[in-house]
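Taking it in order: structure first as structure tokens, then the write-up.
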There are 2 protein chains.
Amino acid sequence: MEFSAVDSEKFAVQEFRERCRNAGLALTHQREIIFRTVYEMRSHPTPEAIYERVREQLPSISLGTVYKNLKTFLDTGLLREVSPMHGSLRVDAITEDHHHVVCTQCRMVVDLGEEELEPVRLRVQLPDGFVLKRCVVEFYGLCPRCAAKPDKPR
Amino acid sequence: MEFSAVDSEKFAVQEFRERCRNAGLALTHQREIIFRTVYEMRSHPTPEAIYERVREQLPSISLGTVYKNLKTFLDTGLLREVSPMHGSLRVDAITEDHHHVVCTQCRMVVDLGEEELEPVRLRVQLPDGFVLKRCVVEFYGLCPRCAAKPDKPR
DNA sequence: TTATTAAACAATAAATATTATCATTCGTCA
DNA sequence: TGACGAATGATAATATTTATTGTTTAATAA
């Protein structure tokens, strides 16, 4: 059996309400619209793109509110960051393929050589016409230092 | 046989000069210092951090120059981006583990379910005390659309 | 309900990150 | 060496994100 898009959305919104309650978050109209918008977009939108869409339904909403709520949703696990590494450009002088161990708290990155991992194997084809350049495995978590102090975990 | 750090650096700088020539880039003092600095830092520094370090040797250098050269180095493959996804926050309503196919040109992201990949297997231990939260595989390349038009490839 | 209180809101300013502009200087190559 | 295009430094402009503040709203309990 399959859920239709509508069912799945209803489920997600239900889930959303419950999770807000569990996290002690007030259930505001804005929050619900923001969450539903992201959920419906299905792409991996930026705050700006979300803001544009949400504004169609809530013309008076502020960009700051979108940012603050996205952050709240990330903190409570209602949403995820596509790339916990964003923030600022980071460059790498090692141009050989390798992987990363990333602390999501302090953003420290440790390298992992290509040979320290079993080769990544796909069970399916990549999208037709996609030209693959490289493949990177990122291990996200907390480094020893950040794991120790109970700051604000993400 | 092993290369010492000094040998390896000399090699890298030699390589750097040659690659500049091949790419038609003028070999300036600033470029050499910037590259060597990144190479020596070994971490995965931000432009700001690189700027601070470079300034110790070239007090008059401008932050813009650092940015522009980093970009040039990335374009010519002398350096790599740690996370080609940076730029702006991107959120994801799918909170189940999954992977990404990313176009480095237009930054489009396609999801790849956890089950569409053989499980990732480490051959070594993660750094002692590291608390792993999740593991994401990113396939970087060009989407069909971007592969077609010979814009500016990265 | 309705009053109370803490949280969330909109507006705005500030901070951070990045790119663009332009006059001057510097490498490159004849 | 000298001409020319490219690179630099200074600075302005833009983009992204966070902080601040006064006002409004949701949650809780009487």
Side-chain angles (χ1 to χ4, degrees), chain A residues 16-35 37 44-52 54-76 78-79 81-91 104 107 151-152 154, chain B residues 16-35 37 44-52 54-76 78-79 81-91 107 152 154:
Chain A
F16 169 75
R17 288 187 177 146
E18 197 174 323
R19 288 229 236 170
C20 278
R21 198 149 299 141
N22 291 342
L25 298 180
L27 194 64
T28 67
H29 191 44
Q30 286 90 336
R31 281 206 175 127
E32 216 168 307
I33 301 279
I34 292 171
F35 181 81
T37 299
H44 301 77
T46 63
E48 191 67 35
I50 296 163
Y51 173 59
E52 289 307 329
V54 168
R55 236 180 3 166
E56 293 168 10
Q57 295 166 77
L58 296 173
S60 72
I61 200 167
S62 134
L63 180 57
T65 300
V66 173
Y67 265 99
K68 210 170 330 150
N69 278 311
L70 290 180
K71 192 165 192 162
T72 303
F73 293 159
L74 293 174
D75 286 346
T76 55
L78 270 159
L79 294 178
E81 267 185 89
V82 173
S83 168
M85 280 294 301
H86 85 285
S88 175
L89 174 66
R90 303 279 289 264
V91 297
T104 51
R107 293 191 166 155
D151 240 320
K152 34 174 68 178
R154 269 204 190 169
Chain B
F16 169 75
R17 289 187 177 147
E18 197 173 324
R19 288 229 234 170
C20 277
R21 197 148 301 141
N22 292 343
L25 299 179
L27 196 62
T28 67
H29 191 43
Q30 287 89 337
R31 282 210 172 122
E32 215 168 309
I33 302 278
I34 292 172
F35 181 81
T37 299
H44 301 78
T46 63
E48 191 67 34
I50 296 163
Y51 174 60
E52 288 308 328
V54 168
R55 236 178 3 164
E56 292 168 11
Q57 295 167 76
L58 295 174
S60 71
I61 201 167
S62 137
L63 180 58
T65 300
V66 173
Y67 265 100
K68 210 165 335 146
N69 278 309
L70 290 179
K71 191 164 193 166
T72 304
F73 294 160
L74 292 174
D75 286 345
T76 55
L78 271 160
L79 294 178
E81 267 185 90
V82 173
S83 169
M85 280 294 298
H86 85 286
S88 173
L89 173 65
R90 303 278 290 266
V91 297
R107 294 191 164 154
K152 31 174 73 177
R154 274 204 188 170

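In what follows, chains are A, B, ... by sequence order, proteins preceding strands, each numbered from 1. Bear in mind the structure is a predicted one, so any value in this text is a computation, not a measurement.
Within the structure, a side-chain polar atom (N or O) of B:Ser88 is placed less than 4.0 Å from OP1 or OP2 of D:dT17. Taking 4.0 angstrom as the limit, A:Tyr67 places a side-chain polar atom (N or O) nearer than this to OP1 or OP2 of D:dT17. Close to C:dC26, at under 4.0 Å from its OP1 or OP2, lies no side-chain N or O of B:Gln30. An OP1 or OP2 oxygen of D:dT8 is reached within less than 4.0 angstrom by a side-chain nitrogen or oxygen of B:Thr28. The phosphate of C:dA11 (OP1 or OP2) has no side-chain N or O of A:Ser62 nearer than 4.0 angstrom.
Among the protein residues, A:Thr65 comes within range of the nucleic acid bases, having at least one heavy atom under 4.0 Å from a base atom.
The pair A:Arg21-A:Glu18 fails the salt-bridge criterion, with no side-chain N (NZ, NE, NH1 or NH2) lying under 4.0 Å from an Asp/Glu carboxylate O.
Between the P atom of C:dT16 and the CG atom of A:Leu89 lies a distance of 18 Å, rounded to the nearest Å. A straight line from CZ of B:Arg90 to P of D:dT16 spans 11 Å, rounded to a whole angstrom. In this structure, B:Lys71 atom NZ and D:dA7 atom P are separated by 14 Å, rounded to whole Å. In this structure, CG of B:Leu63 is placed 13 Å from C1' of D:dT8, rounded to the nearest angstrom. Distance B:His86 NE2 to C:dT19 P: 7 Å, rounded to the nearest Å. Across the protein-nucleic acid pair, A:Lys68 atom NZ and C:dA14 atom P stand 17 Å apart, rounded to whole Å. Rounded to whole Å, atom P of C:dA10 lies 11 Å from atom CZ of A:Arg31. Note: CG (B:Leu70) to P (D:dA7) measures 15 Å, nearest angstrom.
In terms of position on DNA chain C, the residue among A:Asn69 and B:Leu27 whose nearest nucleotide sits closer to the 5' end is A:Asn69. Comparing A:Val66 and B:Leu25 by the nucleotide of DNA chain C that holds the closest heavy atom to each, the one mapping nearer the 5' end is A:Val66. Where B:Gly64 and A:Arg21 meet DNA chain D, the nucleotide closest to each residue was compared, and B:Gly64 sits on the side nearer the 5' end.
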**OP:** Evaluate side-chain contact (heavy atoms from CB on, under 4.5 Å) for A:Thr28 paired with A:Asn69, printing each intermediate quantity in order.
**Re:** CA-CA 11 Å; A:Thr28 67; A:Asn69 278 311; 5.6 Å; no
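When atom types are taken as modelled, the side chain of A:Arg31 and the backbone of A:Ala26 share a donor-acceptor pair closer than 3.5 angstrom.
Counting only N and O atoms by type, the side chains of B:Thr46 and A:Ser88 include no donor and acceptor under 3.5 Å apart.
Between A:Phe73 and A:Phe35, the ring-plane angle classifies as perpendicular under the 30° and 60° cut-offs.
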